[in-house]
Amino acid sequence: MEQKNLDQIIRETVARYMNRSLIVAGNWKMNMTVREGMEFLEKLGPVDGKVMIFPPYTTLAVLAGEFRKRGIIYGPQNFHYKESGAYTGEISLPMIKELGCDCLLVGHSERRSYYNETDEEIQKKIQAALKEGFSVMLCIGENLEERKSGQWKNVLRKQLEKDLEGLSTDRIPYIQIAYEPIWAIGTGVSASTEEIIETHRYLKAVLSELTGSDIPLLYGGSVNEKNAADIGSCPGVDGFLIGGASLKPEKFRKIIEVSKRE
Ligand code: 13P
């Protein structure tokens with residue numbers, strides 16, 4: 001890690017996040033046709049605060065202008081680190097740049113487990129995206145066995161160390177982390193506030209050790225309109241990454257409302 005300008009970056013990062021509203025990010029996964037996405041935005045109405053949506057590629061491409069018009073930050077759920085070439089079925093960073101995306105999701109546990117995405121590939125993706133001027137939201141998380149056996153700290157630290165390897169100081173403000181315990185994703189039961197507080201405290205310490213900075217740290221895993229206020233008030237939680245509840249405009253709106261701070 002370069003030390004150059006570190007003080008300045010820390011000051012900027014602190015200033016950027018003082019009194020900040022929580023970040024509310026929706027991962028639409030393989031849901032939402034273009035038509036459904038448009039209906040969602042119409043029902044959602046105007047938003048303020050830092051709201052992000054990660055739609056599937058087709059909806060992303062067609063509705064990019066609609067997201068932009070509404071001040072919603074948008075980006076893909078996955079991408080390839082190579083610029084172009086014979087990689088059937090893949091999408092490159094220049095293609096994503098053309099759509100005016102700002103933040104890219106990377107390393108989601110569903111990509112790690114269903115598509116065998118490795119930390120080495122995730123590290124390459126992060127480096128490529130940062131080089132192109134994007135910001136990234138890196139997802140990390142442990143499975144139930146790792147939680148129960150007490151291995152979760154090691155697992156999470158290793159993910160961060162490997163995925164963020166080679167991160168240069170000037171790119172630190174472009175990184176956000178989503179902690180998503182795999183056992184809480186899509187189950188309807190989030191981690192408890194005690195677990196979230198303990199884990200976020202640990203992750204903030206690891207991130208500070210690795211980057212010298214207070215990196216925004218979101219929680220994901222069965223966040224909904226009922227538990228968002230409690231989870232959002234846990235120290236160390238800077239926002240949410242939401243799956244199921246981000247598909248329902250009325251639920252997503254409620255989460256945005258409880259995330260406002262000023
Ligand atoms: P759920 O909110 O449906 O549990 O999904 C969380 C998630 O995986 C977001 O990336």
Side-chain angles (χ1 to χ4, degrees), residues 22-32 36-37 40 44 50-57 59-60 67 72-79 101-117 119 122 125-126 129 135-144 146-147 152 155-156 159-160 163 175-193 195-196 199-200 203 215-232 234 237-259:
L22 299 175
I23 300 165
V24 181
N27 174 9
W28 282 356
K29 306 191 180 184
M30 198 173 72
N31 299 291
M32 290 281 194
E36 289 165 346
F40 173 96
L44 182 69
K50 195 163 183 185
V51 177
M52 300 179 167
I53 294 183
F54 299 100
Y57 290 129
T59 305
L60 177 70
F67 290 119
I72 295 173
I73 297 166
Y74 57 95
Q77 301 163 13
N78 180 42
F79 54 94
C101 299
D102 173 42
C103 186
L104 319 184
L105 199 65
V106 61
H108 193 279
S109 65
E110 285 152 15
R111 296 220 49 91
R112 292 178 192 254
S113 58
Y114 301 152
Y115 306 102
N116 303 318
E117 217 170 80
D119 287 308
I122 291 164
K125 288 182 184 201
I126 292 174
S135 65
V136 298
M137 186 176 297
L138 165 65
C139 305
I140 58 167
E142 81 285 358
N143 63 31
L144 189 57
E146 291 159 347
R147 168 60 56 172
W152 59 272
V155 170
L156 296 174
Q159 286 176 1
L160 286 177
D163 299 348
I175 295 280
Q176 293 150 99
I177 308 291
Y179 166 59
E180 300 203 296
I182 297 169
W183 44 274
I185 294 178
T187 60
V189 183
S190 74
S192 68
T193 48
E195 286 165 329
I196 294 171
T199 311
H200 277 233
L203 289 173
I215 306 278
L217 180 59
L218 283 68
Y219 169 80
S222 296
V223 174
N224 58 42
E225 73 289 3
K226 297 190 185 90
N227 61 21
D230 281 348
I231 296 174
C234 291
V237 171
D238 299 310
F240 312 107
L241 182 56
I242 308 151
S246 75
L247 300 173
K248 304 277 179 221
E250 60 291 349
K251 293 186 179 184
F252 198 56
R253 166 153 288 289
K254 277 191 189 143
I255 299 172
I256 294 170
E257 292 302 325
V258 302
S259 300

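All values derive from a computational prediction rather than experimental measurement. Note that ligands are numbered from 1 as they come in the structure, with each ligand's atoms numbered from 1 the same way. The figures that follow rest on heavy atoms only: side chains count, while hydrogens, waters and symmetry mates do not.
- A donor and an acceptor atom, one from each side chain of Glu195 and Tyr219, are nowhere located under 3.5 Å apart.
- Side chain to side chain, Glu180 and His108 meet the donor-acceptor criterion of an N or O pair below 3.5 Å.
- Phe240 meets the ring-ring contact (aromatic ring centres under 6.0 Å, His included) test with no other residue; sequence neighbours excluded.
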Could you tabulate the donor-acceptor pairs under 3.5 Å formed by side-chain atoms of residues 224-231, not counting sequence neighbours?
residue	atom	partner	partner atom	Å
Asn224	OD1	Lys226	N	2.8
Asn224	OD1	Asn227	N	2.8
Asn227	OD1	Asn224	N	2.8
Asn227	ND2	Ser222	O	2.9

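- Within 4.0 Å of ligand 1, contacts by protein heavy atoms are made from Asn27, Lys29, His108, Glu180, Ala184, Ile185, Gly186, Gly221, Ser222, Leu241, Ile242, Gly243, Gly244.
- The shortest distance between side-chain heavy atoms of Pro76 and Cys101 falls below 4.5 Å.
- A search for side-chain hydrogen bond (donor to acceptor under 3.5 Å, both in side chains) contacts involving Thr59 returns nothing, not counting sequence neighbours.
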